[in-house]
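First the structure, in the form of structure tokens, and then the observations on it.
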Amino acid sequence: MIPKVRVRFAPSPTGGLHLGGVRTVLYNYLFARKYGGEFVLRIEDTDQSRFVEGAEDYIFNCLEWCGLVPDESPRHGGNYGPYRQSERKPQYREYAEKLVEKGYAYYAFDTPEDLEKMRNEFKTPENPSPQYDSKIRGKMRNSVTLGAEETAKLLEEGTRHVVRIKMPQEETVSFIDMIRGEVTFDTSLVDDKVLLKADGMPTYHLAVVVDDYLMKITHAFRGEEWLPSAPVHVLLWKYLFGLEAMPQWAHLPLILGPNGKLSKRDGAKYGFPVFAMNWTDPKTNELTEGFKEKGFLPEAFINLLALLGWNDGSEKELFTIEELIENFSMERVHSGGAKFDYEKAKWFNHEWIKKSDAAVLAPQVKQLLAENNISATDEMLLAVIDKVKDRCNLLPDFVQQAGFFFSNPTTWDTASVSPKWNEDKKNFFLTYINQLQSATDWSPVALETSFKEVATTAGIKPGELQLPFRVMLVGGKFGPPVFEIASILGKENTIQRIQKALEVF
RNA sequence: GGCCCGUUCGUCUAAGGGCUAGGACACCACCCUUUCACGGUGGUGAUACGGGUUCGAAUCCCGUACGGGCUACCA
């Protein structure tokens with residue numbers, strides 16, 4: 001029987017959720033949905049010193065906004081809980097001790113000062129960062145050097161200690177990565193990573209293996225930055241549960257910023273967001289803007305992230321989440337890192353705004369307008385959104401593109417009008433107002449027809465009058481075709497705007 | 001420094017030995033439009049380098065260069 005696909009996303013709740021994290025969630029989610037499996041969210045909070053208030057709530061909010069809701073999590077429950085590693089603390093020690101018993105790990109009593117001393121002592125230009133490895137192991141205070149008796153005594157006395165994996169000498173560890181194929185490591189070159197910390201909490205290395213096993217994870221996806229420690233995890237699987245039970249790994253390529261790996265600390269300093277949603281650091285109160293607040297649609301955000309490192313082999317670029325689920329495959333994930341291109345990201349959003357129904361956009365647009373003290377009437381709003389959404393890349397663009405429909409201009413781009421403004425043109429508009437007063441057909445076509453008739457009668461080229469007309473109605477040189485604007489504005493408001501502008505020009 | 005991963009237009013990528021290396025974003029030009037967009041047409045622009053293997057290499061192998069990641073009792 002083929003086991004049911006189970007995947008997990010395991011963030012540490014230490015701050016904002018960035019692009020790469022969301023993409024990892026997305027690939028997990030797509031994979032789980034595609035194969036009818038389950039998507040688990042596990043909180044990796046084994047480092048209590050890095051606990052950040054509100055970070056877990058924030059992660060859930062981001063996932064909800066993205067529409068990537070887990071099947072199992074601290075919030076959603078499930079049969080493999082608890083889903084916070086801090087709440088699973090007791091069981092890790094058991095596995096760590098089992099490893100020590102079998103000779104695959106050992107107790108180490110070195111203090112942080114001892115470690116620092118060791119690093120300084122062995123640091124050379126050729127080896128700037130000495131590792132606690134098989135060569136150094138024999139020179140430190142641990143159960144390998146101290147012997148059974150002394151070790152037992154220290155343990156008895158409650159001496160602070162950690163458990164380290166004893167990396168074997170000159171063994172080759174390899175595994176098949178779903179994206180990269182076979183990856184090979186020489187164990188002699190990997191250090192004796194700490195598995196259980198002095199406070200009794202596991203490190204990531206122990207926790208990820210134990211929990212993936214206990215939670216019956218079948219496929220483990222994570223960022224490429226984990227590749228160097230993969231041999232440790234493979235060995236732990238071998239020692240503890242057997243390689244047959246190990247999930248299939250896929251190490252996702254990194255998403256790069258202008259200067260390498262996009263990290264949480266980069267915030268918005270590149271001129272584009274890196275977090276899914278606004279994040280305020282509770283300690284410094286520093287706010288980092290998110291894609292949501294910047295005006296991205298979640299569908300667009302998901303779409304652009306999916307295509308950053310993956311494609312379906314065709315030239316299709318716009319995908320709904322359903323289409324992504326159907327077409328996704330880990331084998332088609334590109335192995336090289338991808339530099340994030342904000343211009344293209346905006347293009348994706350533009351495309352999604354264009355294909356979204358006005359009714360879907362309406363609540364958000366209304367909110368945005370309200371924030372700018374413009375109250376939009378519902379009757380007009382849908383028509384307006386349909387007219388202007390082609391020219392909006394980000395949601396806030398609607399403020400400029402749609403705002404003038406609901407509030408009369410208070411400033412006018414007179415610089416574009418004045419140079420060619422004259423009495424004849426003013427008279428034209430006076431005449432046109434009269435014409436409009438008695439108009440019964442208020443369609444764009446009718447408005448344009450009468451506009452041209454009056455212009456021709458006055459002996460002025462209609463084209464020369466359109467720009468002033470636009471500035472009268474809009475305030476500036478932007479917006480949809482001018483007669484469509486007038487049509488939506490209605491008779492009273494259109495005439496009112498012309499009269500007002502005539503006083504200013 | 002060591003280890004690991006990677007390398008096709010400026011950017012994201014297609015082409016799993018075989019036509020003039022395709023598409024998208026961005027950029028430029030033209031068309032449409034007497035605003036700005038949308039749309040349409042066209043254009044500039046890439047296989048890092050050197051060796052092999054092969055009738056034939058972007059594709060397979062080796063080396064070099066470059067880029068990235070890791071090198072914590074962080075994840």
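The figures that follow rest on heavy atoms only: side chains count, while hydrogens, waters and symmetry mates do not. The sequence lines fix the lettering, A, B, ..., with proteins before strands; numbering per chain opens at 1.
Less than 4.0 Å separates RNA chain B from no heavy atom of any residue of residues 166-177 of chain A. Within residues 206-213 of chain A, no residue has any heavy atom closer than 4.0 Å to RNA chain B.
Here the side chain of A/R391 is nearest to one of B/C36, B/C74, B/U34, namely B/C36.
With respect to A/E87, the side chain to side chain donor-acceptor pair (under 3.5 Å) criterion is satisfied by exactly one of A/Q85, A/R84, A/K89: A/R84.
At a threshold of 4.0 angstrom between heavy atoms, the contacts of A/K354 are confined to the sugar-phosphate backbone, with no base atom among them. Using a 4.0 Å heavy-atom criterion, one finds that A/F185 contacts the sugar-phosphate atoms exclusively. Nucleic acid contact class of A/H350 (heavy atoms, under 4.0 Å, all strands): sugar-phosphate only. Nucleic acid contact class of A/V162 (heavy atoms, under 4.0 Å, all strands): base. Note on A/P481: a base of the nucleic acid sits closer than 4.0 angstrom, heavy atoms only. In this structure, A/T184 reaches the sugar-phosphate backbone alone: every heavy-atom distance under 4.0 Å involves primed, P, OP1 or OP2 atoms, never a base. Looking at heavy-atom distances under 4.0 Å, A/G336 makes contact with sugar-phosphate atoms alone, never a base.
The shortest distance between the side-chain N/O atoms of A/H251 and the OP1/OP2 oxygens of B/C4 is not below 4.0 Å.
A salt bridge links A/R93 to A/E97: one of the charged nitrogens lies within less than 4.0 Å of a carboxylate oxygen.
Comparing the same atom, C1', in B/U33 and in B/A26 gives a spacing of 23 Å after rounding to whole Å. Taking atom P in both B/U11 and B/C27, the straight-line distance is 16 Å, to the nearest Å. Of the C1' atoms belonging to B/A72 and B/C61, the separation is 39 Å, rounded to the nearest Å.
The base of B/A24 is paired with the side chain of A/K344 by a donor and an acceptor separated by under 3.5 Å.
Taking the six-membered ring where tryptophan is involved, the planes of A/F404 and A/F478 are perpendicular, since the angle between them exceeds 60° and thus also 30°.
Atom CZ of A/R23 and atom P of B/U13 are 9 Å apart (whole Å). At whole-Å resolution of the value, OH in A/Y204 and C1' in B/C70 are 13 Å apart.
Checked against the 6.0 Å centroid criterion, the rings of A/F469 and A/F451 qualify as a close aromatic pair. When ring centroids are compared, A/F340 and A/Y270 stay outside the 6.0 Å threshold.
Using modelled atom types, one side-chain atom of A/H350 and one backbone atom of A/D390 make a donor-acceptor pair closer than 3.5 Å.
Across the interface with RNA chain B, nearest-nucleotide mapping of A/E448 and A/T111 shows A/E448 to be the residue nearer the 5′ end.
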